[in-house]
Amino acid sequence: MKTKKALITGASRGIGEAIALKLAETGYNVVLTGRNLPMLGSVGDACRKRGAEAEVFAADLSDESEIIDLFRKAGPIDLLINNAGFGIFDAIEDIKLADWQAIHKVNVEGAFLCLREALKSMKTSGGGRIINISSVVGVKGYPNQAAYGASKHALLGLTKTAIEEGREHGICVHAICPGGVATEMVKQSRPDLTDFSAMIQPKDVADAVAYLCSLPNNITVDCIHLRRAASPQTW
Ligand code: NAP
């Protein structure tokens, strides 16, 4: 049986790194991308130790030409994990337009361009799967997270249309909306927190990805809302 190939954005650390390792363990070959080549290289080595072939390509997802080049170099893929993203956290009256635009450039436009390139490739190759990493802030409002939250709401809107456009081509599209995950990002967005041990861990998101990838062709799950059991429901 042909080994499937997964492209993971934001694979240099955090959630993307955990997803890359999980996919490598579950039989995928991986294409890893981000801007930090040394960190991507380390993740690539860890994937190879788990038996996967790993290719590493640096790309800035705020640049359309770099995204097109990335997908050209990656070739046909079976799975896209649209994970790269970042936030700048301010009250609405303090948000600079440049910060708003920078966030949307990567979290929405970059994700859209990756999705567009993956759909083109998967329609030609006969199907595939795309998983967009949104957030609890994609469904719920939090103070100081307007720019980031709006970008994650937009990613869910994009997901809903992609689900419909992919359906007749054998392309399953899903979103995962995690609550706070213990990574660099949460340390920036929640400077009040010091103990991250009770939070969702990157591996928990990776396990949700593996679950979606294990679904049979006739069944799908549109969105996984992943929260700490101690937190209130979000949908
Ligand atoms: P992280 O540790 O800060 O990792 C972010 C990743 O995105 C890095 O690999 C980074 O790679 C990549 N990235 C950022 N800007 C990029 C750009 N312009 N071009 C290419 N790659 C870029 O954050 P994380 O927590 O793992 O977040 C991963 C995803 O999960 C994000 O979409 C985030 O919104 C989402 N999420 C996070 C949480 C949370 O609480 N942590 C909760 C829900 C959803 P380079 O630095 O190498 O470019």
Side-chain angles (χ1 to χ4, degrees), residues 7-17 19 31-37 39-40 57-74 80-120 130-165 173-181 183-193 202 205 223 234:
L7 189 155
I8 303 125
T9 72
S12 57
R13 61 174 187 263
I15 294 170
E17 175 181 9
I19 293 171
V31 180
L32 310 176
T33 190
R35 291 162 303 176
N36 188 320
L37 210 42
M39 287 175 76
L40 286 172
F57 301 120
D60 184 339
L61 298 191
S62 64
D63 185 325
E64 181 183 18
S65 64
E66 292 197 22
I67 293 174
I68 291 171
D69 196 40
L70 166 70
F71 279 80
R72 186 187 54 72
K73 286 188 283 200
L80 167 66
I81 309 291
N82 236 339
N83 165 73
F86 77 104
I88 299 168
F89 305 100
D90 284 312
I92 293 172
E93 66 270 27
D94 296 326
I95 297 173
K96 296 180 188 67
L97 181 59
D99 288 346
W100 174 281
Q101 290 171 334
I103 290 169
H104 283 73
K105 188 91 187 161
V106 175
N107 296 8
V108 186
E109 206 174 291
F112 147 66
L113 290 168
C114 290
L115 183 68
R116 184 186 74 184
E117 296 307 302
L119 279 175
K120 277 193 229 167
I130 297 170
I131 302 177
N132 294 326
I133 307 298
S134 180
S135 169
V136 64
V137 305
V139 288
K140 189 172 184 287
Y142 287 87
N144 302 324
Q145 302 207 19
Y148 177 64
S151 76
K152 290 299 181 179
H153 274 74
L155 185 55
L156 284 185
L158 184 59
T159 306
K160 289 175 186 174
T161 300
I163 287 170
E164 295 307 308
E165 292 190 8
V173 185
H174 323 265
I176 300 179
C177 292
V181 184
T183 68
E184 281 307 311
M185 173 179 285
V186 91
K187 289 173 192 162
Q188 289 168 23
S189 64
R190 294 293 306 274
D192 54 312
L193 294 180
V205 184
C223 184
T234 49

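Computed from a predicted structure; not experimentally measured.
Counting all heavy atoms, side chain and backbone alike, Gly34 lies closest to Leu40 at N-CD1, 3.4 Å. Listed here is the closest heavy atom pair of Ala162 and Val173: O-CG2, 3.6 Å.
Put simply, CG on Leu70 and CG on Asp60 are 11.5 Å apart, with the number rounded to the nearest 0.5 Å. Here NZ of Lys160 is found 11.0 Å from CG of Leu155. Values are rounded to the nearest 0.5 Å. Between the CG atom in Leu37 and the CG atom in Leu32 there is a gap of 10.5 Å [rounded to 0.5 Å].
Residues satisfying the side chain to side chain donor-acceptor pair (under 3.5 Å) criterion with Thr183, sequence neighbours excluded, are absent altogether. In this structure Asp99 satisfies the side chain to side chain donor-acceptor pair (under 3.5 Å) test with no other residue, sequence neighbours excluded. Shown here are the side chain to side chain donor-acceptor pair (under 3.5 Å) partners of Glu93, two or more places apart in sequence or in another chain: there are none. The side chain to side chain contact (heavy atoms under 4.5 Å, CB included) search around Asp94 returns Asp90, Ala91, not counting sequence neighbours. For Tyr148, the ring pair (Phe, Tyr, Trp, His ring centres under 6.0 Å) partners are Phe89, not counting sequence neighbours. For Asp69, the salt bridge (charged side-chain N to carboxylate O under 4.0 Å, His left out) test picks out Arg72, Lys73, with sequence neighbours left out. In this structure, the side chain to side chain contact (heavy atoms under 4.5 Å, CB included) partners of Lys187, at least two apart in sequence or on a different chain, are Glu184, Phe196.
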Give the table of side-chain donor-acceptor pairs shorter than 3.5 Å for residues 130-140, with sequence neighbours excluded, one pair per line with atom names and distance.
{"from": "Asn132", "atom 1": "OD1", "to": "Asn82", "atom 2": "ND2", "distance (Å)": "3.0"}
{"from": "Asn132", "atom 1": "ND2", "to": "Thr159", "atom 2": "OG1", "distance (Å)": "2.9"}
{"from": "Ser134", "atom 1": "OG", "to": "Lys152", "atom 2": "O", "distance (Å)": "3.0"}
{"from": "Ser135", "atom 1": "OG", "to": "Val137", "atom 2": "N", "distance (Å)": "3.0"}

Using distance only, find each side-chain donor-acceptor pair of residues 8-15 under 3.5 Å and give its atom names and separation, not counting sequence neighbours.
{"from": "Thr9", "atom 1": "OG1", "to": "Ile81", "atom 2": "O", "distance (Å)": "3.4"}
{"from": "Thr9", "atom 1": "OG1", "to": "Asn83", "atom 2": "N", "distance (Å)": "2.8"}
{"from": "Thr9", "atom 1": "OG1", "to": "Ala84", "atom 2": "N", "distance (Å)": "2.8"}

Side chains of residues 104-119: which donor-acceptor pairs under 3.5 Å do they make with residues two or more places apart or in other chains?
{"from": "His104", "atom 1": "ND1", "to": "Trp100", "atom 2": "O", "distance (Å)": "2.9"}
{"from": "Lys105", "atom 1": "NZ", "to": "Glu109", "atom 2": "OE2", "distance (Å)": "2.9"}
{"from": "Asn107", "atom 1": "OD1", "to": "Phe86", "atom 2": "N", "distance (Å)": "3.1"}
{"from": "Asn107", "atom 1": "ND2", "to": "Phe86", "atom 2": "O", "distance (Å)": "2.8"}
{"from": "Asn107", "atom 1": "ND2", "to": "Ser151", "atom 2": "OG", "distance (Å)": "3.1"}
{"from": "Arg116", "atom 1": "NH2", "to": "Glu64", "atom 2": "OE2", "distance (Å)": "3.0"}
{"from": "Glu117", "atom 1": "OE2", "to": "Lys120", "atom 2": "NZ", "distance (Å)": "3.1"}

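Within 6.0 Å of CD1 in Ile92 there are 12 or fewer heavy atoms belonging to other residues, nucleotides or ligands.
Between Thr33 and Phe71 there is no side-chain heavy-atom pair separated by less than 4.5 Å. For the pair Ile88 and Ile103, the minimum side-chain heavy-atom distance is below 4.5 Å.
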Where do Val181 and Val186 land on the side-chain contact (heavy atoms from CB on, under 4.5 Å) test, with the steps shown first? CA-CA 7 Å; Val181 184; Val186 91; over 6 Å; no
